[in-house]
> 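Following this message is one structure expressed as structure tokens.
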Amino acid sequence: MKIIEVNDYQQMSQVAAEYIMKKVTNNPAIHLGLATGGTPSEMYKNLIVDHKQNGTSYEHVTTFNLDEYIGLSGENPNSYRYYMDNHLFNHINIDKRKTHIPLGNTTDSQAECNRYEQLINENGIDLQILGIGQNGHIGFNEPGTSFSSKTHVVTLAPSTIQANARFFKTIEEVPTKAITMGISTIMKSKEILLLVSGESKKDAVNKLINGEIDEKFPASVLKNHPYVTIIADKAAVSGMKTTC
């Protein structure tokens, strides 16, 4: 693991965006794995600004998102399809047909898991963007998820539902199930970029860097990947040993 320590969330977002811009410039047909939520939102804003000011092109880029809530259509403002369209895709020159996100409102979630897993296997992911949950989840792979898991349906942990409640009017509106890339699916990515910001993630980062590899802490599997870069702000790593 390589750790890039930055001052704050804004700098993390800018450094992450520059990392992606360079990858896209060097490989215009790159396959990106994308994440949603609060952590990458400013990074996406920086990508949009760069696209408009400098013309970085996404015409030939293909994307695969980590997950989607079950029960929400892509038109639902709380779906991850809606998030990606509004935070990035609608503002750059990407072909929407090449932006892949699990279908949350399908009538057969298991069939959708199989379809999405096959799609990723057929195409591959060059660079996967990840965040990390306070309980160590990556994607929606909660503690106890097998490291050999493929794209699957998951019941969200209460802590994850609570963390995501800020995006909904009430906690009762937060879906309790989702489709997520499995841990083995994520680990097939050629390279992984993990974004971490804030003191609330400090314990998770410390456990990732200095703890054991254990399915009880899903992110720990990243230690087995040959190309992982962590961009973390000072609040997330201050005062800890960060030798990997």
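Values below: all heavy atoms of this structure, side chains included; hydrogens, waters and symmetry mates excluded.
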> What about Leu34 and Val15, same hydrophobic cluster or not, with Ile/Leu/Val/Met/Phe/Trp/Tyr joined at side-chain heavy-atom distances under 4.5 Å?
yes
> Among Ile179, Thr145, Thr185, whose side chain to side chain contact (heavy atoms under 4.5 Å, CB included) with His152 holds?
Thr145
> Does any part of the side chain of Leu130, heavy atoms only, come nearer than 4.5 Å to the side chain of Leu195, both counted from C-beta?
no
> Test side chain to side chain contact (heavy atoms under 4.5 Å, CB included) on Ile129 and Ile192; report intermediate values, then the result.
CA-CA 6 Å; Ile129 312 301; Ile192 291 173; over 6 Å; no
> Closest heavy-atom contact between Pro40 and Ala35?
CG-O, 3.6 Å
> Determine whether Tyr9 and Val205 fall in the same hydrophobic cluster, where Ile, Leu, Val, Met, Phe, Trp and Tyr are linked whenever their side-chain heavy atoms lie under 4.5 Å apart.
no
> Spell out, as yes or no, whether a donor-acceptor pair under 3.5 Å connects the side chain of Gln11 to the backbone of Asn7.
yes
> Taking all heavy atoms of Asn105 and all of Ser73, pick out the closest pair and write down the distance.
ND2-CB, 3.5 Å
> Regarding Ser13 and Glu42, is there a side-chain donor-to-acceptor distance under 3.5 Å anywhere?
no
> Would you give me the side-chain donor-acceptor pairs under 3.5 Å for residues 153-164, sequence neighbours excluded?
residue : atom : partner : partner atom : Å
Thr155  : OG1  : Lys177  : NZ           : 2.8
Ser159  : OG   : Asn135  : ND2          : 3.4
Thr160  : OG1  : His137  : ND1          : 3.3
Thr160  : OG1  : Glu142  : OE1          : 3.2
Thr160  : OG1  : Glu142  : OE2          : 2.7
Asn164  : ND2  : Tyr69   : OH           : 3.1

> With the side chain counted from C-beta on, respond yes when Val196 and Asp233 share a heavy-atom pair under 4.5 Å apart, and no when they do not.
no
> Around atom NZ of Lys96, are there more than 12 heavy atoms of other residues, nucleotides or ligands at under 6.0 Å?
yes
> Within the 4.5 Å heavy-atom criterion, are Ile92 and Leu47 side-chain neighbours or not?
no
> If you measure from CD1 on Ile125 to NZ on Lys190, what distance do you get to the nearest 0.5 Å?
11.0 Å
> Please answer: with hydrophobic residues joined when any side-chain heavy atoms are less than 4.5 Å apart, are Ile138 and Tyr80 in the same cluster?
no
> Checking Ser57 against Asn93: is there a side-chain donor and acceptor pair closer than 3.5 Å?
yes
> Classify the side-chain pair Thr106/Arg115 by whether it contains a donor and acceptor separated by less than 3.5 Å.
no
> Check whether more than 12 heavy atoms from other residues, nucleotides or ligands sit under 6.0 Å from atom NZ of Lys188, and answer yes or no.
yes
> Can you confirm whether more than 12 heavy atoms, excluding those of Arg97, are under 6.0 Å from its CZ atom?
no
> Within the structure provided, determine whether Val6 and Gln14 are in side-chain contact (heavy-atom separation under 4.5 Å).
no
> Does any part of the side chain of Val228, heavy atoms only, come nearer than 4.5 Å to the side chain of Leu193, both counted from C-beta?
no
> May I ask you to say whether Glu199 pairs ionically with Lys202, meaning some side-chain N is under 4.0 Å from a carboxylate O?
no
> Should Arg81 and Asn76 count as side-chain neighbours, where that means a heavy-atom distance under 4.5 Å?
no
> Taking all atoms of both residues into account, what is the closest heavy-atom pair of Ser184 and Ser149, and its distance?
OG-O, 2.7 Å
> Just by distance, with hydrogens left out, do Gln118 and Asn114 show a side-chain donor and acceptor under 3.5 Å apart?
no
> Is any side-chain heavy atom of Thr62 closer than 4.5 Å to a side-chain heavy atom of Leu32?
no
> Distance-only, no hydrogens or angles: does the His91 side chain make a donor-acceptor pair with backbone N or O of Lys45 under 3.5 Å?
no
> Return yes if some donor-acceptor pair links the side-chain N/O of Glu68 with the main-chain N/O of Ile101 below 3.5 Å, else return no.
no
> Just checking Lys98: does its NZ atom have more than 12 heavy atoms from other residues, nucleotides or ligands closer to it than 6.0 angstrom?
yes
> Nearest 0.5 Å please: distance from the CG atom of Leu127 over to the OG1 atom of Thr63.
12.0 Å
> Quick one: CD1 on Ile186 to CG on Leu66, what's the gap to the nearest 0.5 Å?
5.5 Å
> Stepwise, does the side chain to side chain contact (heavy atoms under 4.5 Å, CB included) test hold for Leu222 with Leu194?
CA-CA 10 Å; Leu222 299 178; Leu194 178 65; 4.2 Å; yes
> Drop me the distance from Arg166's CZ to Ile171's CD1, to the nearest 0.5 angstrom.
12.0 Å
> May I ask you to decide if Phe217's main-chain N or O and Asp214's side chain share a donor-acceptor pair within less than 3.5 Å?
no
> Taking all non-hydrogen atoms of both residues into account, name the closest pair between Glu5 and Val237 and its distance.
CD-CG2, 3.6 Å
> Determine yes or no for a side-chain-to-main-chain donor-acceptor pair under 3.5 angstrom, with Asn65 supplying the side chain and Gly33 the backbone.
no
> I'd like to know if the side chain of Asp95 reaches the main chain of Glu59, judged simply by a donor and an acceptor atom lying under 3.5 Å from each other, with no hydrogens or angles considered.
no
> Taking everything shown except Lys223 itself, do over 12 heavy atoms lie less than 6.0 Å from its NZ?
yes
> Check the surroundings of atom CD in Glu122: do more than 12 heavy atoms from other residues, nucleotides or ligands lie under 6.0 Å from it?
yes
> Drop me the distance from Ser220's OG to Phe147's CZ, to the nearest 0.5 angstrom.
4.0 Å
> Answer yes or no: are there more than 12 heavy-atom neighbours, outside Phe167 itself, under 6.0 Å from its atom CZ?
yes
> Quick check, are the ring centers of His87 and Tyr44 under 6.0 angstrom apart?
no
> List the steps and the verdict of side chain to side chain contact (heavy atoms under 4.5 Å, CB included) for Val24 and Val61.
CA-CA 8 Å; Val24 172; Val61 171; 4.1 Å; yes
> Please determine whether residues Ile132 and Ile230 belong to a single hydrophobic cluster, defined as Ile, Leu, Val, Met, Phe, Trp and Tyr linked transitively by side-chain heavy-atom distances below 4.5 Å.
yes
> Could you tell me whether a side-chain N or O of Tyr58 sits under 3.5 Å from a main-chain N or O of Pro28, the two making a donor and an acceptor?
no
> Can you list every side chain to side chain donor-acceptor pair (under 3.5 Å) pair that touches residues 22-38, not counting sequence neighbours?
Lys23-Glu191
> Determine the minimum heavy-atom distance between Val174 and Ala165, stating which atoms define it.
CG2-CA, 3.6 Å
> Taking only residues two or more places apart in sequence or in another chain, which ones pass ring-ring contact (aromatic ring centres under 6.0 Å, His included) with Tyr116?
none
> Between Glu215 and Ser146, is a side chain to side chain contact (heavy atoms under 4.5 Å, CB included) present by the stated rule, with each step listed?
CA-CA 6 Å; Glu215 289 182 348; Ser146 170; 3.9 Å; yes
> Heavy atoms only: give me the nearest Ser79-Gly74 pair and the separation to one decimal.
OG-O, 3.4 Å
> Whether the side chain of Tyr83 engages the backbone of Pro77 through a donor-acceptor N/O pair (distance < 3.5 Å, no angle test) should be reported.
no
> Taking C-beta and beyond as the side chain, do Phe168 and Pro175 meet within less than 4.5 Å on heavy atoms?
yes
> Rounded to the nearest 0.5 Å, how far apart are CG of Leu103 and OG of Ser109?
10.0 Å
> Is there a donor-acceptor pair under 3.5 Å between the side chain of Asn86 and the backbone N or O of Tyr82?
yes
> Counting only N and O atoms by type, is there a donor-acceptor contact under 3.5 Å from the side chain of His51 to the main-chain atoms of Val49?
no
